[in-house]
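Along the sequence shown, residues are numbered consecutively beginning with 1.
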Amino acid sequence: MYKENRPFRSEFVPIRGLDHHLHVWGDPNRATLPPLVLVHGWMDVGASWQFMVDALSAEFAAGRLIIAPDWRGFGQTGLSAAGYQADSYWFADYLADLDFLLDHYAPGQAVDLVGHSMGGNVAMLYAGVRPARIRRLVNLEGFGLPASQPSQAAGRLAQWMDSLKSAQRGEMALKSYADVGGVAERLMRTNPRLTPDKAHWLASHWARPDASGRWRVLGNPAHKIPSAQLYRVDEVLEIHQRISAPVLAVEASGDSMAQWWNGKYSLAEYHERLRQVPDARVVVVQDAGHMLHHDQPGVLAGLIETFLA
C-alpha cells in the first residue's frame, strides 16, 4: 500500500445546503503564503491529489495551506444517506461552490488554483468571473468541449429529460466491486501507468463498501446525465479574456483529445482558444496520460512550484 508523506486531514464546511468535504494539508495558523487550492475532475475525488502533494518540496509546502475539496456529488460531499441527492448537476454550481469555499478559507485573499480536467474547466471560468480571487492558475488538461450550435438546443433538452427518466429506472447505476482490489484493478485498467500500490491507496478513497459489502464508487450516477445546456464557445472565450492571472496549461504527452472526440474537437482548436487568455503558456509532461498527477506527480509538482514562485 502506498504510504503518504503528508497525510491529509478531513474537514467539512457547510455551503449552500451541503456539507462539503475537504482534504487539507498544512497548518492554517502558520500559513504565510497564498493558499493552494486543488480541484479534481469528473468521477474523481479530492484525495486524488495526494501523490502530487507528497512530491512537493518541504520548502514549498512550509507556510502554505493546501486544500482539495470533493465536488458536490463526489467523494464525501452530499452522498450520505441523509444528505442531498441531486438528480441532475449544473456546471454553474461548481463555480458558486468554489466561490463560497474561497470565502471560507481565504476571505479577501487571492489564491493559487490548480484544476484537473473538469476541475480545470471550472478553474478557467472562475478565474474569468472572479479575476481578483486568483493569483496564479494551473489548468491540467481542462480542454473544454466541442462547440455546440443553437440547432442542437431542442434535442439536448429532450436528451436531458430522457436521461432523467433512465436514471430513475436505475439504468445509469455505477458498477460495484466485490472488494477494494477490484476497485484498484478498475483504476489500473483505466490508467495503465498507475502502479498497484497507488491504485490500492486511491481505491480506498475513491470507493467504499455498502451495507452488503460491495464496493461502490463515491459518485452520484446523476453525473452521467448530459447537461441540459449547450456549450457556447463564444461565451467561454469572453470569460477567458477576463482572466488576469498568469495561466499554466499543462498537457500530457498522451493525446486525450484524439481518444475522446475522434476528430470532433482537436488539440489545435484548444490551443487556439487559449490565445484568448491574456497570459497563458503551455507545457507538455512526457510519459503521462490524462491522469498526469498520478503518472508524473514529481514532474508536475516541480512545474507548479516553479510557476507559483
Side-chain angles (χ1 to χ4, degrees), residues 4 7-26 28 35-53 65-107 111 113-123 125-126 129-130 133 140 142 164 167 172-177 180 183 187 201-211 215-225 227 291 293-294:
E4 312 96 325
F8 67 80
R9 65 180 180 277
S10 287
E11 294 185 4
F12 287 88
V13 178
I15 291 175
R16 305 178 59 220
L18 285 175
D19 285 336
H20 282 248
H21 177 246
L22 293 102
H23 309 76
V24 182
W25 299 266
L36 176 60
V37 182
L38 312 171
V39 290
H40 67 77
W42 186 81
M43 266 323 148
D44 204 356
V45 291
S48 184
W49 296 102
Q50 181 69 56
F51 312 132
M52 192 199 76
V53 171
L65 185 68
I66 303 173
I67 61 173
D70 289 338
W71 286 125
R72 58 174 53 218
F74 293 118
Q76 297 182 59
T77 299
L79 284 176
S80 65
Y84 171 69
Q85 288 285 351
D87 70 349
S88 187
Y89 287 87
W90 301 86
F91 207 79
D93 277 325
Y94 301 126
L95 275 73
D97 291 345
L98 179 59
D99 201 43
F100 276 78
L101 280 171
L102 296 191
D103 286 347
H104 178 83
Y105 281 99
V111 305
L113 180 61
V114 179
H116 172 247
S117 195
M118 183 192 83
N121 295 329
V122 175
L125 291 174
Y126 184 84
V129 174
R130 299 281 201 213
R133 298 306 309 272
L140 309 179
L164 288 174
M172 292 189 174
L174 301 178
K175 183 179 179 181
S176 65
Y177 302 87
V180 69
V183 180
L187 291 170
W201 184 92
L202 188 59
S204 66
H205 297 277
W206 194 62
R208 280 189 176 178
D210 61 16
W215 281 71
R216 297 188 181 276
V217 176
L218 293 175
N220 189 337
H223 285 291
K224 297 170 68 175
I225 295 174
S227 173
M291 305 299 284
H293 53 311
H294 297 170

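- In plain terms, the two heavy atoms of Ser48 and His293 that are nearest each other are OG-NE2, 3.1 Å.
- Here the shortest heavy-atom pairing between Gly75 and Asp70 reads CA-OD2, 3.5 Å.
- Rounding to the nearest 0.5 angstrom, the gap separating the CD1 atom in Ile66 from the CG atom in Leu22 is 13.5 Å.
- Sorted pairs that involve residues 43-53 and meet salt bridge (Lys or Arg N to Asp or Glu O under 4.0 Å), not counting sequence neighbours, are lacking altogether.
- The CZ atom of Phe51 sits 5.5 Å away from atom CH2 of Trp201, with the distance rounded to the nearest 0.5 Å.
- With values rounded to the nearest 0.5 angstrom, Leu98 atom CG is found 11.0 Å from Leu125 atom CG.
- Residues Tyr105 and Val111 form no side-chain contact, since every pair of their non-hydrogen atoms from C-beta on lies 4.5 Å or further apart.
- With values rounded to the nearest 0.5 angstrom, Gln76 atom CD is found 4.0 Å from Arg208 atom CZ.
- The structure places CE of Met118 at 4.0 Å from OH of Tyr94, a figure rounded to the nearest 0.5 Å.
- Annotation for Met43 and Gly219: closest pair SD-CA, 4.2 Å, computed over non-hydrogen atoms.
- Shown here for Pro69 and Val39, the closest heavy-atom pair between the two residues is CG-CG1, 4.1 Å.
- Side chains of Ser10 and His23: a donor-acceptor N/O pair is absent below 3.5 angstrom, by distance only.
- Residues Trp25 and Gly46 come closest through the heavy atom pair CH2-O, 4.5 Å.
- Counting only heavy atoms from C-beta outward, the side chains of Leu102 and Val37 approach each other to under 4.5 Å.
- Looking at Tyr89 and Asn220, their side chains do bring a donor and an acceptor atom within 3.5 Å of each other.
- Among Leu38, Val13, Val24, the one residue that satisfies the side-chain contact (heavy atoms from CB on, under 4.5 Å) test with Ile67 is Val24.
- Between His205 and Phe8, the ring center distance clears the sub-6.0 Å criterion.
- The local environment of CZ in Phe100 is sparse, with at most 12 non-hydrogen atoms from other residues, nucleotides or ligands closer than 6.0 Å.
- By the 4.0 Å N-to-carboxylate-O rule, Arg72 lies too far from Asp19 to be salt-bridged with it.
- Expressed to the nearest 0.5 Å, how far CZ of Arg16 lies from CG of Asp97 amounts to 5.0 Å.
- Heavy-atom minimum distance, Ser88 versus Ala222: N-CB, 4.0 Å.
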